[in-house]
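A short worksheet on the structure shown next.
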Number of protein chains: 2
Amino acid sequence: MLRVNKLTDYAVVVLCDLLRGQALRSAADLSASSGVPLPTVSKILKQLTKAEILQSVRGANGGYGFARRPEVISMTEVIESLEGPIAVTGCVEDSGECCALTDQCPMSGHWNAVNTAIRQSLNDVRLIDMLPESRFMEPTDLVGSIVARHTLALQAQEGEPNR
Amino acid sequence: MLRVNKLTDYAVVVLCDLLRGQALRSAADLSASSGVPLPTVSKILKQLTKAEILQSVRGANGGYGFARRPEVISMTEVIESLEGPIAVTGCVEDSGECCALTDQCPMSGHWNAVNTAIRQSLNDVRLIDMLPESRFMEPTDLVGSIVARHTLALQAQEGEPNR
DNA sequence: CAGATACTGTACTGTTTTGGTCCTGTATAT
DNA sequence: ATATACAGGACCAAAACAGTACAGTATCTG
Ligand code: FES
Ligand code: FES
């Protein structure tokens, strides 16, 4: 049904959890507060880190935090980091394979239309759009406050507001 | 990777095949000309018929044809007919279930944002957009000619240009 | 009416993907 | 040193999927 992985689902839960709270939270901590079992949370966090959505700090008092300001993170990135490039079929370019009927296939690459359509719309949904505003203050202040808290807490280290 | 079923993939191939050719084609015929094995094609056609995208005629000289003019068929319909309602997670309304963490879930239903985003963009892609124009004439004439051929061939029977 | 054609519905099975867990290794703080 | 935490990868059970098969029904041809 055009489903997103369960892991991706969890990822958003965890990320939202991380969005309000200390800048650095351990996997165990996030597991407890989100209800997702530790090994699973761990797996997710590792992948998000590799995708440079999160950053990690090892050792005692270590944990995970956002690698950049959360409001620049789109759902495309979150989804792609958990399940690889968005490619509705094998026939979409840069996804290697083509379907078994390559030769006679009447529409080489036309799935791209569908694909880019989806990707496009996903780009417009940001991670913070998944947050229930109710738990914060006025929507208008929402972004500002999160950013403030996190960018402060993210003990400097960089900026790269890429994209 | 947010993949669509392989069956859905095939469905589009077959539908495109059906888009150029007689109005009524048997499953065997479509199988031969598309390269997709008969039992599989059959399965697909049955589902498309149930979704009222195609219509079927039983008996000798029977077969499948479009149930309505092809240019009003969106990819949303095609996809949904093959894999049920588009619902990226179990948490989307009218898809029954909610994820295991229902109670503490920090964003009840916020996947809806993603969901409608996808559905919206999919609505803008029509089946005929999947056709390789190259096999026809000028893109400008494309829609018109297909429509002409098929509406003629569709031996009247109705109109319902719904949506 | 007989026989052939072609769709309908459903059930079954092998394969692939996914979800979830665990274990070994490495980095950091106290 | 030792405890804390992340990193990476291997592993297995469960679920979803792809593909096939078959018994049933409708319709056309002659
Ligand atoms: S082989 Fe690429 S669309 Fe079918
Ligand atoms: S329980 Fe519905 S979003 Fe998690």
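Within every chain, numbering begins at 1; the chains are lettered A, B, ... in the order of the sequence lines, protein sequences first and strands thereafter.
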5′-ward residue of the pair L45(A)/K46(B) relative to DNA chain D: L45(A)

Taking only residues two or more places apart in sequence, or in another chain, which ones meet T49(A) in a side chain to side chain contact (heavy atoms under 4.5 Å, CB included)? L54(A), S56(A), Y64(A)

Output yes when at least one side-chain N/O atom of Y10(A) is less than 4.0 Å from OP1 or OP2 of dG20(C), else no. yes

What residues, two or more places apart in sequence or in another chain, satisfy side chain to side chain donor-acceptor pair (under 3.5 Å) together with Q47(A)? none

Presence of T40(A) side-chain N/O under 4.0 Å of dT21(C) phosphate oxygens OP1/OP2: yes

Applying side chain to side chain contact (heavy atoms under 4.5 Å, CB included), can you list everything that pairs with T40(B), at least two apart in sequence or on another chain? L7(B), Y10(B), V36(B), P37(B), I44(B)

Touch class at under 4.0 angstrom, heavy-atom based, for A27(A) against every strand present: sugar-phosphate

Answer yes or no: does a side-chain N or O of S56(B) lie under 4.0 Å from OP1 or OP2 of dT8(C)? yes

So if I define the base as every atom that isn't primed, P, OP1 or OP2, how would nucleotides 25-30 of chain C read as a B/S/- string at a heavy-atom cutoff under 4.0 Å? -BBBSS

As a test of reading the structure: which of dT20(D), dT21(C), dA18(D) is closest to the side chain of K43(A), going by heavy atoms? dT21(C)

Test side chain to side chain contact (heavy atoms under 4.5 Å, CB included) applied to T8(B) - qualifying residues, sequence neighbours left out: W111(A), V4(B), N5(B), I79(B), L82(B), E83(B)

Tell whether K6(A) reaches the base of dG20(C) with its side chain through a donor-acceptor pair below 3.5 angstrom. no

Sugar-phosphate, base or nothing in reach of L7(B), heavy atoms under 4.0 Å: sugar-phosphate

Pair R119(B)-E80(B), salt bridge (charged side-chain N to carboxylate O under 4.0 Å, His left out): steps then yes or no: CA-CA 10 Å; R119(B) 184 195 225 89; E80(B) 293 201 327; 2.7 Å; yes

Could you pull out all residues at least two apart from S26(B) that satisfy side chain to side chain donor-acceptor pair (under 3.5 Å)? none

